[in-house]
Amino acid sequence: GAPPPAAPPVPPTLPSPPPRPPPPWPPPLLCSSLAGRTKVPDPAPHIPGDCGSLPSPASDCDQYYAADTSAPGAFHLCQHPRPQDTVRCGTNPGLIQGCVPPPSPPPSPP
């Protein structure tokens, strides 16, 4: 009863790297997207302001962001209104999460 001959050692094969996923589109919203924007003022205590509550004219919507009520630390960017609504600002559907609102930028020197 001789033992069966040992099989030759098989060199370990390195797993091939996974294919890189394509970049998301539109690009993800980052906490840095909030920099330079002003938080929409709250109309009343415990009522967070939203982009639609900005005063008209809505020409500077992209200077603001609004807190999202569904999650703490979540924000929406305000954006220019839809063509049929020239008074109120629109809300970017993208959500920025896990952010601390940036401090208001200091006024730039003249």
Side-chain angles (χ1 to χ4, degrees):
V10 177
T13 57
L14 293 174
S16 59
R20 294 184 60 154
W25 187 257
L29 296 172
L30 304 174
C31 294
S32 58
S33 304
L34 299 175
R37 290 176 178 250
T38 303
K39 185 176 183 296
V40 176
D42 297 344
H46 309 298
I47 302 178
D50 63 10
C51 297
S53 66
L54 285 169
S56 58
S59 58
D60 55 353
C61 297
D62 57 1
Q63 301 296 314
Y64 291 90
Y65 67 92
D68 184 83
T69 55
S70 65
F75 301 94
H76 286 288
L77 298 181
C78 301
Q79 62 185 15
H80 288 291
R82 299 179 296 279
Q84 67 271 25
D85 187 351
T86 57
V87 178
R88 295 158 77 88
C89 291
T91 302
N92 187 306
L95 196 60
I96 304 174
Q97 290 186 287
C99 296
V100 175
S104 299
S108 55

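Throughout, numbering of the chain's residues begins at 1 and tracks the sequence. Just so you know, these numbers use all the heavy atoms, side chains as well, and skip hydrogens, waters and symmetry mates.
Atoms CG and CG, from Leu34 and Leu77 in turn, are 6.0 Å apart once rounded to the nearest 0.5 Å. Atom OH of Tyr65 and atom NZ of Lys39 lie 6.5 Å apart (nearest 0.5 Å). Between atom SG of residue Cys61 and atom CD of residue Gln79 there is a gap of 8.5 Å, rounded to the nearest 0.5 Å. The OG atom of Ser33 sits 9.0 Å away from the CG atom of Asn92 when rounded to the nearest 0.5 Å.
Checking side-chain atoms of Asp50 against main-chain N and O of Gly52 turns up a donor-acceptor pair under 3.5 Å.
Nearest heavy-atom pair, Gly49 versus Ala66, reported as atom, atom and distance to 0.1 Å: O-CB, 3.6 Å.
Under the side chain to side chain contact (heavy atoms under 4.5 Å, CB included) criterion, Asp68 pairs with Ser70, Ala74, His76, Leu95, sequence neighbours left out.
For the two cysteine residues Cys78 and Cys89, the thiol sulfurs sit 2.5 Å or further apart.
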